[in-house]
Amino acid sequence: MNRVKLFSGEQIPLEMHKPKIVQKIRLVPPERRMQAMEEAGYNNFLLKNEDVFLDMLTDSGVNAMSDAQQAAMMMADDSYAGSQTFTRLERKCQEIFGTRHFLPAHQGRACEHLLAKVLVRPGMIVPTNYHFTTTKAHIVLSGGEVVEAYIPEALETTSTYPFKGNMDVEKLEALIEEHGAEQVAFVRMEAGTNLIGGQPFSLANLAQVRDLCTRYGLILVLDASLLADNLHFIKEREEECRGLTIREITRSIADLVDVIYFSARKLGCARGGGICTNREDLFVKLRELLPLYEGFLTYGGMSVREMEAIAVGLEETMDEDMISQGPQFIAYMVEELQKRCVPVVTPPGGLGCHLNAAEFVDHLPQEQYPAGALAAALYLVSGIRGMERGTMSEARDAEGNEVLADLELLRLAVPRRVYTLSHVKYAIDRITWLYQHRRLIGGLHFVDEPQTLRFFLGRLAPLSPWPEQLVGKFEEDLGC
Ligand code: F0G
């Protein structure tokens with residue numbers, strides 16, 4: 001485990017890797033940050049990375065690769081059909097998940113697209129432990145509806161509950177009874193539940209969900225994009241699993257589900273995605289769509305180099321030192337911020353440190369996008385780019401009304417093996433300053449609002465000149 005106690009008594013996470021290749025980053029001055037934020041329409045997605053110091057927008061496609069991954073990329077077999085690279089990746093998935101079939105797809109949402117096309121019909125529901133933005137969009141596009149079946153603890157931002165990503169099994173059964181099993185397209189479990197703060201489910205809970213699916217003849221689909229973090233937490237927090245290896249836990253999870261899909265931008269630390277299953281019927285239906293939407297069956301829209309990197313990345317995910325690095329850094333950040341009274345989601349999850357914007361800027365109503373405003377404010381005072389995970393990330397309803405998010409979070413992703421402890425300490429310092437001056441943060445409104453996934457490309461503006469005032473105070477206090 002990569003957490004050590006220093007003689008001073010302080011506990012720090014220790015990197016079990018060293019950088020061999022580095023990328024230069026720049027900390028541009030506050031005036032440039034003001035200008036950059038203005039140009040980006042107060043949407044962190046539209047910032048240019050040259051203006052960003054620590055890119056904590058996401059862990060997607062930006063995890064550091066290992067030397068072994070880079071070396072494997074040189075072995076890629078670039079043929080349109082039947083490449084050896086495909087066989088290597090297929091075998092790795094078979095070995096790790098115990099699934100016969102592997103369908104490559106260019107990223108996670110491409111898998112969601114194919115699954116929704118095959119399984120969802122208008123009027124059907126998809127119960128889930130918590131939705132993800134792209135998953136929901138694809139299910140809705142196919143005429144279905146996502147129904148949340150999370151446990152009450154899921155939305156308690158401050159908690160000690162170890163498995164906030166668990167499915168509420170009673171709620172799930174009630175949903176199946178209410179709608180009828182034939183109207184349930186599939187049941188979806190998301191590992192490391194993204195939108196509630198990277199929170200895991202337990203193996204015991206997954207087994208209960210499996211029992212229910214078997215009883216009602218339902219398909220159980222696992223979104224394994226954040227599986228690495230979930231594996232770490234099962235090993236660390238679930239008493240019955242302490243003695244199991246990561247490989248054994250992985251296999252126990254895989255044996256309980258019918259379909260596993262993943263974004264390899266997260267799982268496997270590369271770029272791509274795939275669907276694994278033992279269900280012949282589903283495999284045949286999904287396979288038909290693959291050449292139409294993704295590419296031939298042996299590359300699915302991915303570069304073969306990335307496929308080689310995924311195969312090695314999946315193997316590295318079976319290493320406890322590797323998968324605990326992200327969660328340990330996040331735990332450090334969360335604990336240090338808590339000491340400074342900054343509202344953060346607890347217990348610490350995977351993927352990133354989540355600031356509770358609803359409390360941080362409790363003077364802003366949800367209609368003014370508190371998490372979006374906090375994201376812009378943090379960039380202005382630090383050059384750190386986080387991601388809004390709140391009302392801005394929701395879509396309006398059919399009548400055009402705002403759908404207020406359950407949680408207003410600013411996610412500060414910690415890409416695996418990328419940032420150092422001094423980067424994390426800098427982030428803690430600037431977040432603490434911002435918290436002490438939180439009343440200077442004002443609201444935002446859309447000036448250009450796309451209909452689908454508006455948070456990606458939408459442009460906003462401040463409701464008052466608060467950015468200038470905030471930066472003015474920051475410069476006065478820090479003189480930089
Ligand atoms: N499922 C989960 C749980 C995810 O976190 C993501 C992506 C996807 C599916 C879609 O995968 O990006 O490869 O198409 N999450 C990214 C994020 C976008 O920043 O959290 P993708």
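Count residues from 1 along the sequence.
Side-chain contact of Gln11 with Arg3: a donor-acceptor pair under 3.5 Å is present, judged by distance alone. Donor-acceptor pairing under 3.5 Å is recorded for the side chains of Ser393 and Glu388. Using modelled atom types, one finds a donor on one side chain and an acceptor on the other under 3.5 Å when comparing Glu280 with His101. With no hydrogens or angles considered, no side-chain donor-acceptor pair links Arg109 and Thr134 at under 3.5 Å. Side-chain contact check for Tyr379 and Asp51: no donor-acceptor pair (N or O, by modelled atom type) lies under 3.5 Å.
Each of Glu238, Glu240, Glu239 was compared with Arg242 under the salt bridge (charged side-chain N to carboxylate O under 4.0 Å, His left out) criterion, and only Glu239 meets it. The only option from Asp168, Leu172, Val209 that meets the side chain to side chain contact (heavy atoms under 4.5 Å, CB included) definition with Pro127 turns out to be Leu172. For the pairing with Leu410, the side chain to side chain contact (heavy atoms under 4.5 Å, CB included) check across Leu374, Ile431, Val344 returns one residue only, Leu374.
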Anything under 3.5 Å between a donor and an acceptor, one on a side chain of residues 285-293, the other on a protein residue two or more places apart or in another chain? List them.
none

Result block: side-chain N/O donor-acceptor pairs under 3.5 angstrom for residues 145-158, not counting sequence neighbours:
unit_1	atom_1	unit_2	atom_2	d
Glu148	OE1	His131	N	3.0
Glu148	OE2	His131	ND1	2.5
Thr157	OG1	Asn356	ND2	3.3

Residues 211-227, side-chain donor-acceptor partners within the protein, below 3.5 Å, at least two apart:
unit_1	atom_1	unit_2	atom_2	d
Thr214	OG1	Arg210	O	2.9
Thr214	OG1	Arg210	NE	3.1
Arg215	NH1	Glu173	OE2	3.3
Tyr216	OH	Glu173	OE2	2.9
Tyr216	OH	Glu177	OE2	2.5
Asp223	OD1	Ser225	N	3.0
Asp223	OD1	Ser225	OG	2.7
Asp223	OD2	Arg188	NH2	2.9
Asp223	OD2	Tyr261	OH	3.0
Ser225	OG	Ser263	N	3.1

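Nearest heavy atom pair, residue Pro450 against residue Gly458, reads CD-CA, 3.4 Å. When all heavy atoms are compared, the tightest approach of Ala228 to Leu267 is N-CD1, 3.9 Å.
Judged as a salt bridge (charged side-chain N to carboxylate O under 4.0 Å, His left out), the pairs with a partner in residues 78-95 (not counting sequence neighbours) are, in order, Arg88-Glu308, Lys92-Glu95, Lys92-Glu315, Glu95-Arg247. Screening residues 164-210 for ring pair (Phe, Tyr, Trp, His ring centres under 6.0 Å) gives no qualifying pairs among residues at least two apart or on separate chains. Sequence neighbours left out, the pairs with a member in residues 58-74 that pass salt bridge (charged side-chain N to carboxylate O under 4.0 Å, His left out) are Lys20-Asp67, Asp59-Lys266, Asp59-Arg416.
Taking the six-membered ring where the residue is Trp, the centroids of Tyr426 and Phe53 are separated by under 6.0 Å. Aromatic ring centres of Tyr80 and Tyr299 lie closer together than 6.0 Å.
Put simply, the side chain of Asn49 never gets that close to the backbone of Val52: no donor and acceptor are under 3.5 Å apart. Looking only at distances, a side-chain donor or acceptor of Thr58 sits under 3.5 Å from a matching main-chain atom of Ser60. Checked by atom type and distance alone, the side chain of Asn63 never pairs as donor or acceptor with a backbone atom of Pro415 at under 3.5 Å. No donor-acceptor pair under 3.5 Å is formed between the side chain of Asn129 and the backbone N or O of Asn166. Arg411 contributes a side-chain N or O that, together with a main-chain N or O of Leu57, makes up a donor-acceptor pair within less than 3.5 Å. Under a 3.5 Å cut-off, the side chain of Glu190 and the backbone N or O of Asn194 do form a donor-acceptor pair. Remark: side-chain polar atoms of Gln325 are paired, donor with acceptor, to backbone N or O of Arg417 under 3.5 angstrom.
When the ring pair (Phe, Tyr, Trp, His ring centres under 6.0 Å) test is applied to Tyr419, the partners found at least two apart in sequence or on another chain are His423. The ring pair (Phe, Tyr, Trp, His ring centres under 6.0 Å) check on Tyr369 picks up Phe446, with sequence neighbours excluded. The ring pair (Phe, Tyr, Trp, His ring centres under 6.0 Å) test applied to Phe45 returns Phe455, Phe456, not counting sequence neighbours. Residues passing the salt bridge (Lys or Arg N to Asp or Glu O under 4.0 Å) test with Asp55 are Arg385, sequence neighbours excluded. Scored by the ring pair (Phe, Tyr, Trp, His ring centres under 6.0 Å) test, Phe360 finds Tyr435 as partners (sequence neighbours excluded). Not a single salt bridge (Lys or Arg N to Asp or Glu O under 4.0 Å) links Arg121 to another residue, sequence neighbours left out.
Residue Glu182 qualifies as enclosed at atom CD: its count of foreign heavy atoms under 6.0 Å is above 12. The 12-atom threshold is exceeded at CD of Glu248, counting heavy atoms of other residues, nucleotides or ligands nearer than 6.0 Å. Sparse packing is recorded around CD of Gln451, with 12 or fewer heavy atoms of other residues, nucleotides or ligands lying under 6.0 Å away.
With contacts defined as side-chain heavy-atom distances shorter than 4.5 Å, the pair Ile330/Leu412 does not qualify.
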message: Could you walk me through whether Thr346 and Gln338 satisfy the side-chain hydrogen bond (donor to acceptor under 3.5 Å, both in side chains) test, starting with their C-alpha distance in whole Å, then the side-chain angles of each, then the deciding distance to 0.1 Å, before giving a yes or no?
response: CA-CA 9 Å; Thr346 55; Gln338 259 188 313; 4.5 Å; no
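Atom CG in Leu114 sits 12.0 Å away from atom CG in Leu282 (nearest 0.5 Å).
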